[in-house]
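In listed order, ligands and their atoms are each counted from 1.
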Amino acid sequence: MNRFENKVALVTGSSQGIGEACALRLAKEGADIILNGRKFDERGEKLIAKIEGMGRKAKFLAADVSKSKEVIKLVDDAIAAFGSLDILVNNAGLETKADFWDVTEDDYDLVMNTNLKGVFFGIQTFVKYCKSNKKAGTIINMSSVHEEIVFPHFAAYCASKGGLKMLCRNLASELAPLNIRINNVAPGAITTPINKDLLNNKKQLAKVLDNIPMSRMGKVDDVAAVVAFLASDEAAYVTGSTYTVDGGLTYHYEEQ
Ligand code: NAI
């Protein structure tokens, strides 16, 4: 099924993990892909080769999305690369762990600028382009179950993902008249490098799995499938929503 024939997608932070899976899934279904990461390395090279092997175009644009100037240039360069842009997946994100009273301003800025400010100005650049070209668009933000549920010792991360929740809700109303849809995907615990400490700690991992009704970590492809749905015309009437991909974690009930 080629849901994304003649479409171009930009996926931020797509050298590894969920972003890589989203890029590959969209390419598999017909999209040309703009990959992004802070720097171009062999992972980017391999991904380009993989996507080109599927018969699609791919280009890697290095940019640090935590810097508004760089994210604006990234979106502009992505539009210029293949002459259009239809799908923006704001995936790049990070977390830092610390007791609240030890969080430094630098840590706070790093998390908020990457997870929220960069997304804000990336979307703004994309919307200006769609608006001036009278072009439809679709935006997917990689949020987290922590836009909804607490995560002690990750205060800035929760604040950034909570911000993404309201950004999505707010922009859905403002962008609907422009024929632009925006949705969030909220992964639970997914097997990616961001969770390497957890995956290496058997005791902690068992505790996490205890809280997941489906008793397993999520796979990157579980997330990419939902991103592809939201990016596609099958989600034509979906905007301003968050889709959780969490094996039941967020709303689970613990039997007493
Ligand atoms: P990851 O750490 O494996 O990949 C994140 C990618 O973003 C990396 O390639 C990294 O280099 C890139 N990135 C980070 N800061 C960047 C910047 N300033 N500019 C450009 N690229 C940058 O993480 P993962 O797990 O794939 O996470 C992707 C998204 O999913 C993040 O937004 C994360 O918060 C979210 N998420 C992940 C969950 C998980 O369990 N893995 C759970 C909930 C949300």
Just heavy atoms, cut-off under 4.0 Å: does [X] contact ligand 1 by side chain, backbone, both, or neither?
X      : value
Lys161 : side chain
Thr191 : neither
Val145 : neither
Ala186 : neither
Thr192 : side chain

ask   = Of all the heavy atoms in Met217, does at least one lie under 4.0 Å from an atom in ligand 1?
value = no

ask   = Does Gly188 reach ligand 1, in the sense of a heavy atom lying below 4.0 Å from it?
value =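 It does; at least one heavy atom falls under 4.0 Å.
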
task = Using the six-membered ring wherever Trp is involved, compare the ring planes of Phe154 and Tyr157 and label them parallel, tilted or perpendicular (cut-offs 30° and 60°).
result = perpendicular

With nothing but distance in play, are any N or O atoms of [X] less than 3.5 Å from an N or O of ligand 1?
X      : value
Leu94  : no
Ile190 : yes
Arg43  : no
Ala189 : no
Ser144 : no
Ser14  : no

Checking the side chain of [X] only, and the main-chain atoms of [Y] only, is there a donor and an acceptor separated by less than 3.5 Å?
X      : Y      : answer
Asn141 : Cys168 : no
Asn2   : Phe4   : no
Asn183 : Val238 : yes

query = Looking at Thr114, which atoms of ligand 1 are within less than 4.0 Å of one of its heavy atoms?
reply = 15 (N), 18 (N)

Under 4.0 Å to a heavy atom of Ala63 - the qualifying atoms of ligand 1, by number =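 That gives atoms 19 (N), 20 (C) of ligand 1.
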
Checking a contact table here: which protein heavy atom is nearest [atom], and how many Å away?
atom                    : result
atom 28 (C) of ligand 1 : Asn91 OD1, 3.2 Å
atom 3 (O) of ligand 1  : Gln16 NE2, 2.8 Å
atom 44 (C) of ligand 1 : Ser143 O, 3.2 Å

request  = Could you check Val227, Asp222, Ile190 and say which one makes a side-chain contact (heavy atoms from CB on, under 4.5 Å) with Ile18?
outcome  =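 Considering Val227, Asp222, Ile190, a side-chain contact (heavy atoms from CB on, under 4.5 Å) with Ile18 is found only for Ile190.
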
ask   = Of Thr114, Asn90, Ile139, Asn91, which meets side-chain contact (heavy atoms from CB on, under 4.5 Å) against Val119?
value = Asn90

inquiry  = Can you see whether Ser15 engages Arg38 through a side-chain donor-acceptor pair at a distance of less than 3.5 angstrom?
reply    = no

request  = Could you tell me whether the side chains of Ser66 and Asp64 share a donor-acceptor contact shorter than 3.5 Å?
outcome  =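 Present: a donor and an acceptor within the cut-off.
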
ask   = Given Thr242, which of Lys161, Arg169, Lys165, Glu148 fulfils the side chain to side chain donor-acceptor pair (under 3.5 Å) condition?
value =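 Of the listed residues Lys161, Arg169, Lys165, Glu148, the side chain to side chain donor-acceptor pair (under 3.5 Å) partner of Thr242 is Arg169.
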
remark   = Nearest non-hydrogen contact to atom 7 (O) of ligand 1 from the set Gly13, Ser15, Ala21 belongs to Gly13

